Every structure is written in structure tokens, then in C-alpha cells.
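Keep in mind it's a predicted model, so treat the numbers as computed, not measured.
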Amino acid sequence: MNHQELLRRMNVRDYDVFIEFVRCRHYYDGGDLEDLYRTSSLYLETNPVRYLEVLKDFNITTREMESFLLMLPLSTVDNIDLKKAEINKRINLLLLVRDSELKNQALEILKNELVFFGTIKSLN
């Protein structure tokens, strides 16, 4: 499936398409891959338990986990407060998931990003 078709189908939150993206993520790069990571956050918002299960099933690396969690909507560009709000929203969604190693790893990544944004904001 090409990038545009995958992106279009992911925007309607079809979990089969999300699974296809995670399975084939190595075939995409650059801006196309960033777009797909950004769009994948829709699935986190829809069903955080299933989102983590899919990522676990495909043995994603810590670096990939960061990409899945930290690629924020384009509307947050150049706005630290919007970025922090988006990260907090994701943290709150993950807090609803029962404890697991992957959940704890995801929360650590997101909380570290909040610290990073706080540092940036304090420098301005």
C-alpha cells in the first residue's frame, strides 16, 4: 500500500490498517514515515490498550516507541504549551491501561518529553 493510501485509511481509524502500518513501517522513511507516526496517535486516542498490544506484538524498539509516542500533530509546531497539552493527554490515556512493562516505558518516554519542554520553556 502506498503512503497516501495508507495515510487516508489510517485517518478513518481502521485498526487493520494500523496493524499493516506497524508491520510494514520499515518500508517508509522521511516525511512519509513521520506522517504515518503522527496519524498513528489517533489509535492511541481510540483504544490505548489495543495500541500498546499492537506495538508489543511487533516488538518495536525503544527508538520506535519514541516515534510512535512523540510525533505530535502539526498544529503543535512552535507552541510548547500545545505540545505539553498533547503529551499530557497521551499520559492520561495511558494511565487508564493496566500496568505493563510497555505502558511504563511509554509513560517514561512521555514524562521525559514534558521535562524537556519545560526546560525549553524556561530558557525562553
Side-chain angles (χ1 to χ4, degrees):
M1 187 176 318
N2 72 33
H3 164 258
Q4 290 300 324
E5 179 65 14
L6 185 59
L7 193 60
R8 184 186 65 75
R9 291 184 58 198
M10 283 178 70
N11 276 311
V12 297
R13 300 180 190 194
D14 177 346
Y15 249 96
D16 291 333
V17 177
F18 174 61
I19 292 168
E20 179 68 13
F21 162 57
V22 176
R23 187 179 67 75
C24 297
R25 67 193 180 279
H26 301 294
Y27 296 110
Y28 300 96
D29 62 7
D32 291 348
L33 185 58
E34 287 181 15
D35 290 344
L36 294 166
Y37 279 132
R38 269 183 229 293
T39 304
S40 74
S41 68
L42 296 172
Y43 297 93
L44 172 62
E45 293 174 11
T46 303
N47 188 336
V49 172
R50 191 155 183 219
Y51 184 81
L52 290 178
E53 286 173 352
V54 170
L55 298 182
K56 182 180 177 185
D57 289 345
F58 286 93
N59 299 313
I60 63 156
T61 66
T62 300
R63 179 66 196 124
E64 289 173 313
M65 173 72 94
E66 290 172 354
S67 295
F68 276 100
L69 294 169
L70 300 179
M71 291 302 239
L72 302 175
L74 291 175
S75 61
T76 66
V77 171
D78 297 329
N79 188 323
I80 296 279
D81 292 329
L82 282 177
K83 288 179 182 191
K84 288 171 65 175
E86 183 66 29
I87 294 294
N88 277 315
K89 179 173 78 173
R90 292 176 186 195
I91 287 170
N92 289 331
L93 288 167
L94 289 171
L95 288 173
L96 300 174
V97 176
R98 68 177 171 80
D99 282 340
S100 73
E101 184 178 329
L102 196 57
K103 170 196 169 177
N104 295 335
Q105 180 184 4
L107 286 171
E108 182 178 339
I109 289 167
L110 291 167
K111 288 176 182 179
N112 287 340
E113 193 74 354
L114 277 180
V115 169
F116 173 72
F117 290 144
T119 302
I120 290 173
K121 188 159 181 148
S122 70
L123 295 174
N124 291 329

Under 3.5 Å, side chain of [X] to main-chain N/O of [Y], donor-acceptor pair present?
| X | Y | value |
| --- | --- | --- |
| Y15 | N47 | yes |
| T39 | L36 | no |
| R9 | D14 | no |
| E64 | T61 | yes |

- Less than 4.5 Å apart, any side-chain heavy atom of L70 and any of I87?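 SC-SC contact between L70 and I87 confirmed.
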Atom [atom1] of [X] with >12 non-hydrogen neighbours under 6.0 angstrom:
| X | atom1 | value |
| --- | --- | --- |
| E5 | CD | yes |
| D29 | CG | no |
| Y27 | OH | no |
| F116 | CZ | no |

- salt bridge (Lys or Arg N to Asp or Glu O under 4.0 Å): pairs with one or both residues in residues 110-124, sequence neighbours excluded: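 Every salt bridge (Lys or Arg N to Asp or Glu O under 4.0 Å) pair that includes a residue of residues 110-124, provided the two are not neighbours, is D81-K121.
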- Message: Does the plane of the ring in F21 sit parallel, tilted or perpendicular to the ring in F18? Use 30° and 60° as the thresholds.
- Response: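 Because their plane-to-plane angle lies in the 30° to 60° range, the rings of F21 and F18 count as tilted.
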Report yes or no: do [X] and [Y] belong to one cluster of Ile/Leu/Val/Met/Phe/Trp/Tyr joined by side chain heavy-atom distances under 4.5 Å?
| X | Y | answer |
| --- | --- | --- |
| L82 | L44 | no |
| L72 | L114 | yes |
| L110 | L95 | yes |

- Query: In this structure, which one of D35, L6, N2 forms a side chain to side chain contact (heavy atoms under 4.5 Å, CB included) with Y28?
  - Reply: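 Only one of D35, L6, N2 forms a side chain to side chain contact (heavy atoms under 4.5 Å, CB included) with Y28, namely L6.
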- Message: Checking F58 against I19 for the side chain to side chain contact (heavy atoms under 4.5 Å, CB included) test, could you report, in this order, the C-alpha distance in whole Å, the side-chain angles of both residues, the deciding distance, and whether it holds?
- Response: CA-CA 9 Å; F58 286 93; I19 292 168; 3.9 Å; yes
